[in-house]
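Below is one structure, written out as structure tokens; comments come after it.
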Protein chains: 2
Amino acid sequence: MTRAERSDAARNRAAVLAAADELFATVPEPARLSMDDVAAAAGVGKGTLFRAFGNRAGLLQALWQRRYEPLRYAIESGPPPLGPETDPRQRIAAILDAILVVKLDNRHLTLAVEERSGGTSLYEQPQYQLVHQLLCDLVRATGGGGDSELLAHLLLAAVRADLLNHLASRRGISRRRLRADLASAVDLVLGSAEASPPSD
Amino acid sequence: MTRAERSDAARNRAAVLAAADELFATVPEPARLSMDDVAAAAGVGKGTLFRAFGNRAGLLQALWQRRYEPLRYAIESGPPPLGPETDPRQRIAAILDAILVVKLDNRHLTLAVEERSGGTSLYEQPQYQLVHQLLCDLVRATGGGGDSELLAHLLLAAVRADLLNHLASRRGISRRRLRADLASAVDLVLGSAEASPPSD
DNA sequence: TTGCGATCCGGACTGACAGCCCGGTTGGCA
DNA sequence: TGCCAACCGGGCTGTCAGTCCGGATCGCAA
């Protein structure tokens, strides 16, 4: 019997999302961004924030979901190369490339989302498990050797937020280079065919 | 002009290391192990603990170093298959397998060590950078395609503490299976030759 | 053995932060 | 317009890393 959200609640929820989005895009160190900061920036009390999102992880999930949603949709039911009607090997490459791009575009946010917090590791997040499951199936469909579960984890390890952040921010490696290197690494892991450079 | 450590300081340092070792081996959730806990278990004041190790990361580093030291030595100047006189491809496999084993044997400790804390990511730790550099060189020596830097990161991602913990503790995958899967994954990444099962 | 200063000890203290609580307010249906 | 459930806000609590400083201790020198 979940009643509809009251209008003020909806307004505040939106305000928090907007403010948090802005903040995470701005601040240099997402881990140092406190819930008080977010509440203050949204012009809302802390109680309101926690009522709306449960806890820090809940807020981060909500933020991330908004960013990730289009990609998720494209993967689940869009046209090639992301959609289901693609050759598994190319689909894997396309998916990882797309994830790479989204994460680079939302570096701080993803960093915060993947931060281990409260005993919940990245690998327990439903988001992760969904993609992992899909990659498992796809890897198996390519018929290469090796355990598909571990391989899927390895592929996803290539786009972990902290690694990307290190390579991009710390080491200053360009997005173009990252995408190319990722593509060739994926080809290697999947038992190299020819490498196809990204188009977008 | 670093003066020698006073005897009581050395004694306390040892007591802290022993107690912390014991605790990290015992507790279920290393992140919940506070410095107060460690100090109390060691029968020492918190000030003493921080004087000796600087901060939490310092203590964890010291603990990890003791565990990792033998392996580091074996890699740097031991006999094959870990030592320098080994064929690069086999050496990579041997090193990763050894790291896997050490980390599994010290699961909670490694989990705590690799925990991102205070803006210092895994990739900035000198420990990591050392192994990464070595793997880079070895990967390059195998002459396969792909960017050696990224490949070395990927290889090390296969033995990240949180992944291992998830596979071993959460999913209940056996050590034997993990070692075998890791070995075949490494072979894949390095442009598969034949897989050789671990001996130890 | 005794004196003495540098070093070290310890636990109270601070600051930061996630999450809870509850008296007061407000939205929206009757 | 009245009523009450839902919601607001910010003060409060508990936890934890790291600091501080008065007092204890070590170990050298005489």
Side-chain angles (χ1 to χ4, degrees), chain A residues 1-20 23-24 27-63 108 111-120, chain B residues 1-20 23-24 27-63 108 111-120:
Chain A
M1 231 21 211
T2 51
R3 220 184 188 74
E5 204 176 30
R6 234 171 63 174
S7 68
D8 51 350
R11 200 178 336 128
N12 281 328
R13 178 188 192 79
V16 168
L17 282 175
L23 280 182
F24 274 108
V27 302
E29 182 56 68
R32 293 202 180 277
L33 190 61
S34 75
M35 297 300 268
D36 298 71
D37 293 339
V38 174
V44 144
K46 207 164 34 145
T48 305
L49 197 165
F50 277 94
R51 164 181 300 272
F53 298 97
N55 53 30
R56 184 176 227 266
L59 171 61
L60 291 169
Q61 278 300 320
L63 288 168
H108 295 156
L111 215 46
V113 169
E114 294 188 11
E115 200 114 354
R116 154 183 292 272
S117 68
T120 325
Chain B
M1 228 24 211
T2 53
R3 220 184 187 72
E5 204 175 30
R6 234 170 64 174
S7 69
D8 50 351
R11 199 177 337 127
N12 281 328
R13 178 186 192 82
V16 167
L17 282 175
L23 280 182
F24 274 107
V27 301
E29 183 54 68
R32 293 200 179 279
L33 190 60
S34 74
M35 298 299 268
D36 298 72
D37 293 339
V38 174
V44 146
K46 206 162 38 140
T48 305
L49 197 165
F50 277 92
R51 163 180 300 273
F53 298 97
N55 54 26
R56 187 177 224 268
L59 171 61
L60 290 169
Q61 278 300 323
L63 288 168
H108 295 156
L111 214 46
V113 168
E114 294 187 11
E115 201 114 354
R116 153 186 290 272
S117 68
T120 325

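In the text below, chain A, chain B and the rest are named by the order of the sequence lines, each starting its count at 1.
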Applying side-chain contact (heavy atoms from CB on, under 4.5 Å) to R116(A) and L111(B), what does each step give before you reach the verdict?
CA-CA 10 Å; R116(A) 154 183 292 272; L111(B) 214 46; 4.1 Å; yes
Audit row: R13(B), F53(B), side-chain contact (heavy atoms from CB on, under 4.5 Å) steps and yes/no
CA-CA 8 Å; R13(B) 178 186 192 82; F53(B) 298 97; 3.8 Å; yes
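For dC8(C), the OP1/OP2 oxygens have no side-chain nitrogen or oxygen of N12(B) closer than 4.0 Å.
For the atom pair CD (Q61(A)) and CG (N55(A)), the distance works out to 10.0 Å, reported to the nearest 0.5 Å. Between the CZ atom of R56(B) and the CE atom of M35(B) there is a distance of 6.5 Å, given to the nearest 0.5 Å. Interatomic distance, E5(B) CD to N12(B) CG, rounded to the nearest 0.5 Å: 9.5 Å. Atoms CG and CG, from L17(B) and L59(B) in turn, are 7.0 Å apart once rounded to the nearest 0.5 Å.
Note: CG (D37(B)) to P (dG10(C)) measures 17 Å, nearest angstrom. Rounded to whole Å, atom C1' of dA17(D) lies 13 Å from atom CG of L33(B). For L60(A) and dA18(C), the CG to P distance is 10 Å, given to the nearest whole Å. Here the P atom of nucleotide dC16(D) and the CD atom of E115(B) are 14 Å apart, to the nearest Å.
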How would nucleotides 18-30 of chain D be written as a contact map, 5' to 3', with B for base contact, S for sugar-phosphate-only contact and - for no contact, using protein heavy atoms under 4.0 Å?
BBB----BSS---
